[in-house]
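See structure below.
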Amino acid sequence: MPAPRSAGLIAVVMAMTSLFVVAPAQAKGVRAQAAEAVRAVDPPSLTALRKEAERAALQLEGAAKALEKRQGEIKAAGVELKRKLADLRKAEAELALRRQPVSQIVELLYEQPMSDGVAPFLSGDASQGTLRALSDLNQIVSSRQLLAQAIGRLYADKERLAAEAEELRAEKLLAEAQLSVEMDTLVKRSDKTVKSLTAALVKLGIKIDKVGRAAFSCNPLRVNSTTEYPNGLIPKSLLCPLQQRGHLLRADSAIAFVSLSEAYKKAFGRPICVTDAYRTLAEQQSVYYTRRGFAAVPGRSNHGLGLAVDLCGGVQNSGSPQFRWMETNGKKYGWFHPDWAYSNPFEPWHWEYDPKLGSVL
């Protein structure tokens with residue numbers, strides 16, 4: 001039997017052993033729970049959804065152009081169809097006209113038979129009248145053959161024109177049906193993508209007013225609508241809110257910025273700090289007169305297009321870890337620091353979105 005001191009040491013050793021044995025499993029469980037928690041709040045890849053939405057927009061735009069082209073072709077086919085039908089009616093009228101001389105020739109043969117027969121002609125004693133009758137007969141037979149050939153060609157033309165007209169009519173109906181199916185498929189696909197994108201944005205805490213099946217202001221398929229308005233006068237209903245309350249951007253740049261901010265959060269433990277995003281024309285004028293040399297002429301700023309942000313939280317300091325991270329990673333999401341902002345005027349806080357850059361990276 002071990003001494004009390006030995007028993008105590010054994011108990012301590014066993015306790016320590018149990019800690020070393022259980023701790024890794026517990027730690028693994030904690031890490032698994034943490035990872036599960038991250039997965040629970042991390043929506044499906046926002047970048048992938050954004051790019052899919054952009055692809056859907058391009059496909060829909062391409063389909064619209066194809067539809068316009070196809071409609072032009074269908075219209076041209078309709079014109080050609082009318083022309084062929086007119087040709088067909090003309091051919092039928094000419095055919096009827098050609099039949100008339102043939103009937104007259106036949107009647108003439110019956111009305112003016114050669115009473116003397118062909119014997120005098122064979123014996124060499126044919127009269128002038130008989131010879132003239134034979135000449136007329138040859139001419140009539142020759143004309144009849146030519147007319148028969150012309151009628152045959154007209155019949156063939158009529159059948160060909162009728163077949164071509166029917167083929168054009170069928171092609172027109174088929175083209176219209178195909179366009180209808182293609183457009184319907186593309187619209188459903190884009191709606192589904194935008195719906196998934198909207199759900200992901202809402203999951204990230206962005207307050208979106210929903211209209212119908214998808215978010216209205218954060219729908220990247222409506223980006224072109226913003227180009228219809230002057231710089232700084234884009235309606236709020238066409239601008240997408242950011243996680244940073246009170247700030248708005250154009251839908252495509254907002255979605256890309258949210259993706260960027262989520263990546264930034266994983267690196268620094270907090271979302272990107274934003275001091276300014278979209279600026280109305282009035283706000284541009286205010287900044288221009290209060291911060292001389294640090295703002296574009298009102299009506300010419302990328303802020304007024306919903307394509308620029310001013311950042312804080314360390315990014316505003318050139319050379320800081322946050323600034324260097326943005327330089328390294330920003331372009332992956334379409335955001336970059338313009339060349340002019342490195343020197344004249346020096347604005348390390350100013351970043352812009354390039355739709356073309358965002359679509360290829």
Side-chain angles (χ1 to χ4, degrees), residues 38-70 177-229 234-244 247-266 271 277-278 305-307 309 329-335 353-361:
V38 169
R39 283 195 293 272
V41 298
D42 187 25
S45 174
L46 203 59
T47 301
L49 287 172
R50 173 179 62 85
K51 291 185 176 181
E52 178 60 29
E54 289 171 350
R55 281 194 295 270
L58 288 174
Q59 289 173 348
L60 200 56
E61 183 180 352
K65 290 180 179 178
L67 173 60
E68 186 177 352
K69 181 180 178 182
R70 193 86 61 88
Q178 288 176 337
L179 284 172
S180 177
V181 172
E182 289 172 10
M183 291 298 293
D184 186 58
T185 301
L186 284 171
V187 168
K188 287 180 179 178
R189 185 188 303 167
S190 62
D191 282 349
K192 183 178 179 181
T193 302
V194 172
K195 186 176 181 180
S196 299
L197 183 58
T198 301
L201 290 171
V202 170
K203 196 170 184 179
L204 287 169
I206 294 177
K207 303 298 181 182
I208 298 175
D209 293 329
K210 294 182 180 180
V211 178
R213 290 174 291 177
F216 188 75
S217 60
C218 292
N219 185 346
L221 306 186
R222 292 186 52 81
V223 165
N224 288 338
S225 299
T226 62
T227 61
E228 299 174 4
Y229 297 89
I234 301 174
K236 186 178 179 180
S237 60
L238 292 179
L239 295 169
C240 183
L242 301 180
Q243 294 160 302
Q244 296 80 355
H247 297 296
L248 306 167
L249 286 174
R250 203 175 79 170
D252 54 346
S253 59
I255 294 166
F257 187 80
V258 171
S259 300
L260 176 65
S261 184
E262 286 298 297
Y264 182 95
K265 183 178 179 181
K266 290 179 181 179
Y278 172 74
L305 300 176
L307 298 174
V309 291
N329 298 279
K331 289 183 180 179
K332 297 177 184 177
Y333 302 90
W335 286 90
Y353 178 73
D354 182 352
K356 293 180 180 179
L357 182 65
S359 64
V360 299
L361 294 176

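- Contact record, Q243 with L204: NE2-O, 3.5 Å, taken as the closest heavy-atom pair.
- Interatomic distance, K331 NZ to N329 CG, rounded to the nearest 0.5 Å: 12.0 Å.
- By the side-chain contact (heavy atoms from CB on, under 4.5 Å) test, L239 pairs with I234, L248, Y278, sequence neighbours left out.
- Minimum heavy-atom separation, A263 to Y333: CB-OH, 3.4 Å.
- Taken to the nearest 0.5 Å, the NZ atom of K195 stands 10.0 Å off from the NZ atom of K192.
- Looking at L238 and Y229, their side chains come closer than 4.5 Å, going by heavy atoms from C-beta outward.
- Closest approach of C240 and A251 over heavy atoms only: CB-CA, 4.0 Å.
- The backbone N or O of R189 sits less than 3.5 Å from a side-chain atom of T193, completing a donor-acceptor pair.
- With sequence neighbours left out, the side-chain contact (heavy atoms from CB on, under 4.5 Å) criterion links S196 to L49.
- One finds the CG atom of L186 at 11.5 Å from the NZ atom of K188 (value rounded to the nearest 0.5 Å).
- When the side chain to side chain donor-acceptor pair (under 3.5 Å) test is applied to Q244, no partner is found at least two apart in sequence or on another chain.
- Not one N or O on the side chain of S217 forms a donor-acceptor pair closer than 3.5 Å with the backbone of P241.
- Not counting sequence neighbours, the partners of K65 by the salt bridge (charged side-chain N to carboxylate O under 4.0 Å, His left out) test are E61.
- Ring orientation note: the planes of F257 and W335 are nearly perpendicular, at an angle over 60° on the 30°/60° scale.
- Residues I255 and L197 share a closest heavy-atom pair of CD1-CD2, 3.4 Å.
- Partners of N224 by side chain to side chain donor-acceptor pair (under 3.5 Å), not counting sequence neighbours: none found.
- Between R250 and D252 there is a salt bridge, with a side-chain nitrogen of the basic residue lying less than 4.0 Å from a carboxylate oxygen of the acidic one.
- When the side-chain contact (heavy atoms from CB on, under 4.5 Å) test is applied to L305, the partners found at least two apart in sequence or on another chain are N231, N302, L307.
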